[in-house]
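Quick notes on the structure that follows.
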There are 2 protein chains.
Amino acid sequence: MALTREQVVGTAVSVLRDFGLADLSMRRLARELDVQVGALYWHVKNKQELLVDVAAQLLGDIPAEESSGQGPGAGRSAVVQLATAIRSALVPVPDSAEVVQLAQSMQPVALAPLTSLRDLLEAAGVGPGRSAWAQHLVLNHILGSVAAEQERARLASVAANDPASPGGPPLGADAFAWGLEVILDGALPR
Amino acid sequence: MALTREQVVGTAVSVLRDFGLADLSMRRLARELDVQVGALYWHVKNKQELLVDVAAQLLGDIPAEESSGQGPGAGRSAVVQLATAIRSALVPVPDSAEVVQLAQSMQPVALAPLTSLRDLLEAAGVGPGRSAWAQHLVLNHILGSVAAEQERARLASVAANDPASPGGPPLGADAFAWGLEVILDGALPR
DNA sequence: ACCTGAACACCGTTCAAGT
DNA sequence: ACCTGAACACCGTTCAAGT
């Protein structure tokens, strides 16, 4: 049976999930699919385009809008919910922040949850001229937090039984939540 | 005359500045220095360690502390000043955000201006338990803004005379300043 | 339409051997 | 102490040729 683009993307996602971006090479992918490298280039233009699809799949399971009722603070809590969902989807996948950042810069509208984030921010009361800025502010916080947490995990697994702990205090879900509140406190009408 | 580590780092910085991270290979560096690749490894443990030094040099010219008087808002404006200085140092150097992020994750205390940023935030009134979180929040904003702006510049220079402008509204110094104010509004006592 | 085989032009890192 | 020469084990991408 013929190879499909979905198989290529799916295998790329699972290599990323299990081994990280450093191991996600076109040649490794071809080996995993029992195929020659050149075959991949019939289904995919190049590695960058493949990574855009990988990012889309990582964010694909996130509910699109989530209308969260009315009343004061409803818009704000919808933003918190979506941002937290994005973070949760990325945290378990190594180097996912890097992949999403690359995809976002190459195809600014290809990732639905990220444009949905901008809409929710606008609905929550950030000025219309500021919604793209606010979107980037929140997104940089998400991706930065995820990258930092994964880096910490990577160092911990390398250090293992190293008695000298690597300096920094633990960042995590609580640091992320705090930063998100700070941003929304400053960006939304109080 | 013998090659020095300073020469290696300095040449790496100038290749980064002129051609970007994709062109900053150990082999390219060796060619630029009229030397065999292996020679570099006598002066530098590996490429990652070299990039940490590159990041340090990029941030090296930034004034360390800048005591900005007393009175209300003095601490806050010192934070704004330092964050803006860091942004200004990185914006003209392609891929500098990536390099600094890598260096920061490998050697959390090696980059003086970044720890100085944390101290200023603490002095400006962010809770002592929150200063590391606030440092990361501001740093993610700086690096994310710089990366976005450089990516925009890269696309613009590739597109050149492409009539279809690439979607996103312009981000820049004003978007950065807005985001910084938002963060400080939320993080500092009002 | 879909894939193989093979090439092109690269990488980072190591290390015996030279001076 | 400092560097060369050469190798090892990789990369992404292209493309004639096969089926």
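Residue numbers begin at 1 in each chain, while the letters A, B, ... track the order of the sequences. A quick note: this is a predicted structure, and the numbers were derived from the prediction, not measured.
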Just to confirm, is there a sub-4.0 Å distance from OP1 or OP2 of D:dC3 to any side-chain nitrogen or oxygen of B:H43?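 Answer yes for this pair, as a side-chain N or O of B:H43 is under 4.0 Å from OP1 or OP2.
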Examine D:dT14: is either OP1 or OP2 under 4.0 Å from a nitrogen or oxygen in the side chain of A:Y41? Give yes or no. no
Quick check against the 3.5 Å criterion: does [X] have a side-chain atom that pairs as donor or acceptor with the backbone of [Y]?
{"X": "A:K45", "Y": "A:L50", "value": "no"}
{"X": "B:N46", "Y": "B:E49", "value": "yes"}
{"X": "B:Q150", "Y": "B:V91", "value": "yes"}

Kindly assign one of parallel, tilted or perpendicular to the pair A:W178 and B:W133, based on the angle between their ring planes and the thresholds 30° and 60°. tilted
Starting from [atom2] on [N], measure out to [atom1] on [X] and report it in whole angstrom.
{"X": "B:Q36", "N": "D:dG5", "atom1": "CD", "atom2": "C1'", "answer": "7 Å"}
{"X": "B:K45", "N": "C:dC15", "atom1": "NZ", "atom2": "P", "answer": "13 Å"}
{"X": "B:L40", "N": "C:dT14", "atom1": "CG", "atom2": "P", "answer": "13 Å"}
{"X": "B:D23", "N": "C:dC11", "atom1": "CG", "atom2": "C1'", "answer": "13 Å"}
{"X": "A:R27", "N": "D:dG12", "atom1": "CZ", "atom2": "P", "answer": "7 Å"}
{"X": "B:L21", "N": "C:dC10", "atom1": "CG", "atom2": "P", "answer": "17 Å"}
{"X": "A:R5", "N": "C:dC3", "atom1": "CZ", "atom2": "P", "answer": "14 Å"}
{"X": "B:L50", "N": "C:dT13", "atom1": "CG", "atom2": "P", "answer": "10 Å"}

Options [options], nucleotide nearest the side-chain atoms of [X]:
{"X": "A:R28", "options": "D:dC3, D:dC11, C:dT13", "answer": "D:dC11"}
{"X": "B:R31", "options": "C:dC11, D:dG12, C:dT13", "answer": "C:dC11"}
{"X": "A:S25", "options": "C:dC11, D:dG12, D:dC2", "answer": "D:dG12"}
{"X": "A:K47", "options": "C:dC2, D:dC3, D:dT13", "answer": "D:dT13"}
{"X": "A:V35", "options": "C:dT13, C:dC3, C:dC2", "answer": "C:dC3"}

Mind jotting down which residue pairs meet the salt bridge (Lys or Arg N to Asp or Glu O under 4.0 Å) criterion with at least one end in residues 23-33 of chain A? Sequence neighbours excluded, please. A:D23-A:R28, A:R28-A:E32
Rounded distance in Å between the C1' positions of C:dC3 and D:dA16: 12 Å
ILVMFWY network linking A:F19 to A:V93, side-chain heavy atoms under 4.5 angstrom: yes
Bracket notation of DNA chain C in which parentheses pair within the strand, [ ] cross earlier pairs, and | pairs with another strand (Watson-Crick or G-U, under 3.5 Å): ||.|||||...|||||.||
Classify the nucleic acid contact of A:V37 as base, sugar-phosphate or nothing, counting any heavy atom under 4.0 Å across all strands shown.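 Base, at least one base atom sits under 4.0 Å.
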What contact category does B:A39 fall into here, base, sugar-phosphate, or nothing, at under 4.0 angstrom with non-hydrogen atoms?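 Base contact.
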Which is more 5' along DNA chain D, the nucleotide nearest B:T4 or the one nearest A:L24? Just name the residue. B:T4
Got a second to check how far B:T11's OG1 is from B:L16's CG, nearest 0.5 Å? 12.5 Å
As a test of understanding, state which of B:D185, B:V126, B:L137 forms a side chain to side chain contact (heavy atoms under 4.5 Å, CB included) with A:V182.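 The option that passes is B:L137.
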